[in-house]
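A short worksheet on the structure shown next.
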Amino acid sequence: MRIQTSLLSGAVLMLSLAACQGPQAEQAKRDAASAANNAAAATDQAADRAAAKTRAASERASAYAQDAAQDASVAANRAGDATRDAAARAADATADAAQTTADKARTMAEKADQAAKDDDTHR
């Protein structure tokens, strides 16, 4: 906004100077040219500051994105480890249950065999 006001003031001054003649007009023209140069320099400085701020914001955003990606990778690795551990525990529990079932089946078979032998000896 300030830059536009400066440029507008310079344009009005140039139009006013075009109507003047003589030494005052020459000085006014020099002043207008100087004002226009100052406005251009201010515009360049503002653009440079805006570009620097944009670069800095972009660098911060990039760093935040890298941190987030690293955090996500760590979380994914932990989830993979937890899944692998849960699968191993489930496999162990299944093996234990199968062993318990086999032991009970063996005990029942032995009892049935013994009962059959006892039945044969009582006849």
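One is the number of the first residue; the rest follow in order along the sequence. Below, each value reflects all heavy atoms present in this structure, side chains not excepted, and no hydrogens, waters or symmetry copies.
Within the model, atoms CG of Asp44 and CZ of Arg49 stand 10.5 Å from one another, a figure rounded to the nearest 0.5 Å. Taking NZ of Lys117 as the start and CG of Asp113 as the end, the distance is 4.5 Å to the nearest 0.5 Å. One distance of note links CZ of Arg106 with NZ of Lys111; it measures 13.5 Å at 0.5 Å rounding. Interatomic distance, CE of Met108 versus CG of Asp103, reported as 13.5 Å (0.5 Å rounding). From Ser58, atom OG reaches atom NZ of Lys53 across 16.0 Å, with rounding to the nearest 0.5 Å.
Judged by distance alone, the side chain of Ser34 and the main-chain N or O of Arg30 form no donor-acceptor pair under 3.5 Å. Ser73 places no side-chain N or O within 3.5 Å of a backbone atom of Ala69 that could act as its donor or acceptor partner.
Among residues two or more places apart in sequence or in another chain, the side chain to side chain contact (heavy atoms under 4.5 Å, CB included) test is passed with Asp85 by Arg89. Evaluation of the salt bridge (Lys or Arg N to Asp or Glu O under 4.0 Å) rule for Asp81 yields Arg84 as partners, not counting sequence neighbours.
Test Arg60, Gln66, Glu59 against Ser62 for side-chain contact (heavy atoms from CB on, under 4.5 Å) and you get one pass: Gln66.
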